[in-house]
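Everything on this sheet refers to the single structure shown next.
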Amino acid sequence: MEAEPALRDTALALIERLRDRPVLAVSTGAGMSRESGIPTFRGEEGIWREYRAEDVATPQALYADPALAWEFHDHLRTVVAKADCNAGHIALARLEHLLAAHGITQILITQNIDRLHERAGSTGVIRLHGDIQRVVCTACDHVDDDFPIPAPVYPPMCACGALLRPDVVLFGEMLPETAIDAAFAAAASCGAMLVIGTSVQVQPAASLPWVARENEALLVEINPVETPLTPLVHYSLRSGAAQVLPQLLQQMSVLLSKNDP
Ligand code: NAD
Ligand code: ZN
């Protein structure tokens, strides 16, 4: 089957650019997991239409009404635990291996908290916003990677007596420093960046493509709708990640094999 011209052009441009600067950064947001059945935060059927962020996902809210904050997070934890990787997650994991075989490093940066990239086989994933399945103590260094879903009581408490919380970055909190440093280093050094399924509104992740662009990276956006980034990107693939990524992988695979000696 003949690929869409936009897709073929994008694959060609990516390969050309990555030959000179062999690092592909990939930045993913909630839209990446939409086709796995996990709702996004904004837009149609976004989670924020049911809950107000300031009521449930800030540090103030967590301490003011921990039971409500836990109910909200357990709603998302339940959805996430039942979700499977989609064809987009799998294509990105395969792309990492394909590129590696041609001397190109892929660095995956995600705002998602759902582990689906890791479950699909991507390695070294830089998680900017944490992991909702992991629960940590607000006082001691207790960590539980497989805390029961739903929590046994609202709110659950640590053996030390303090409140437990999901290991996610709440609105107004700092991002983990090592993750953000690694993400900005990738943005500054990559030859190209794929920006997938993010509304590009949550800082500092939203700055990554701008940093990449300042460093002359090729930008490709995959999103069914336009975003504030759209005017800045070189290629826009306006469809769902689970549709586009397997096709992009296929195109890149064909082109790279043609380049082989
Ligand atoms: P967002 O909710 O603000 O925006 C989602 C974007 O995805 C929108 O631009 C939308 O047009 C696009 N989109 C929708 N369906 C798509 C598809 N099939 N393919 C590609 N794109 C699609 O998401 P965001 O910018 O990532 O928001 C930030 C916060 O939401 C993050 O902090 C993240 O931690 C949190 N979040 C994570 C998950 C998850 O882990 N799956 C889910 C919801 C929210
Ligand atoms: Zn504790």
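All ligand and atom numbering here is 1-based and tracks the order in the structure.
- Between Gln201 and ligand 1, no pair of N/O atoms sits closer than 3.5 Å.
- Rounded to 10°, the angle formed at the Zn ion (ligand 2) by SG of Cys158 and SG of Cys160 is 110°.
- Tested against His102, the residues Leu256, Ile15, Leu18 include a single side-chain contact (heavy atoms from CB on, under 4.5 Å) partner, Leu256.
- Contact record, Pro59 with Glu173: CG-CG, 3.7 Å, taken as the closest heavy-atom pair.
- Close approach of ligand 1 to Pro39 is summarised as follows: ligand atoms under 4.0 Å from at least one heavy atom of the residue are 42 (C), 43 (C).
- Of the N or O atoms in Asp114, one or more lie within a sub-3.5 Å distance of an N or O in ligand 1.
- Looking at Ala205, Ser199, Gly240, Ala241, it is Ser199 that brings a heavy atom closest to atom 1 (P) of ligand 1.
- Counted within 6.0 Å of CG on Asp141, heavy atoms from surrounding residues, nucleotides or ligands total 12 or fewer; the atom is thus considered open.
- Taking every heavy atom of Ser33 and a limit of under 4.0 angstrom, the matching atoms of ligand 1 come to 41 (N).
- Among Gly37, Gly197, Ser27, the residue whose heavy atom lies nearest to atom 21 (N) of ligand 1 is Gly197.
- Atom NE2 of His97 is separated from atom OG1 of Thr123 by 6.0 Å, given to the nearest 0.5 angstrom.
- By the 30° and 60° cut-offs, the orientation of the rings of Phe147 relative to Trp70 is tilted.
- Of all atoms in ligand 1, listed by their number and element, those nearer than 4.0 Å to a heavy atom of Ile38 are 41 (N), 42 (C).
- Between Asp84 and Arg119, at least one side-chain N (NZ, or NE/NH1/NH2) sits under 4.0 Å from a carboxylate O, which counts as a salt bridge.
- Taking backbone and side chain together, Cys137 holds an N, O or S atom under 2.8 Å from the Zn ion (ligand 2).
- Salt bridge Glu216/Arg21: absent, no basic N to carboxylate O contact under 4.0 Å.
- Atoms of ligand 1 lying under 4.0 Å from any heavy atom of Ile113, numbered from 1 in the order shown and given with element: 34 (O), 39 (C), 40 (O).
- At a 3.5 angstrom cut-off on N or O pairs, Thr227 does not count as close to ligand 1.
- Closest approach of His73 to Val168, counting heavy atoms only: NE2-CG2, 3.9 Å.
- Under the side-chain contact (heavy atoms from CB on, under 4.5 Å) rule, Leu128 has a single partner from Thr28, Val202, Ile180, which is Ile180.
- When only interatomic distances are considered, the shortest N/O to N/O separation between Ala30 and ligand 1 falls below 3.5 Å.
- Of the options Leu175, Val244, Asn223, the smallest heavy-atom separation from atom 8 (C) of ligand 1 is shown by Asn223.
- Those atoms of ligand 1 that come under 4.0 Å of a heavy atom in Val225, given as number and element, are 11 (O).
- The Gly29 neighbourhood of ligand 1 comprises atoms 26 (O), with distances under 4.0 Å to a heavy atom of that residue.
- Applying the 6.0 Å contact sphere to CD of Gln203 captures more than 12 heavy atoms from other residues, nucleotides or ligands.
- The line from NE2 of His129 to CG of Leu175 is 4.5 Å long, rounded to the nearest 0.5 Å.
- Which parts of ligand 1 touch Glu35 is read off a 4.0 Å heavy-atom cut-off, strictly below it: atoms 17 (C), 18 (N), 19 (N).
- Ligand 1 has no N or O atom lying under 3.5 Å from any N or O atom of Val202, backbone or side chain.
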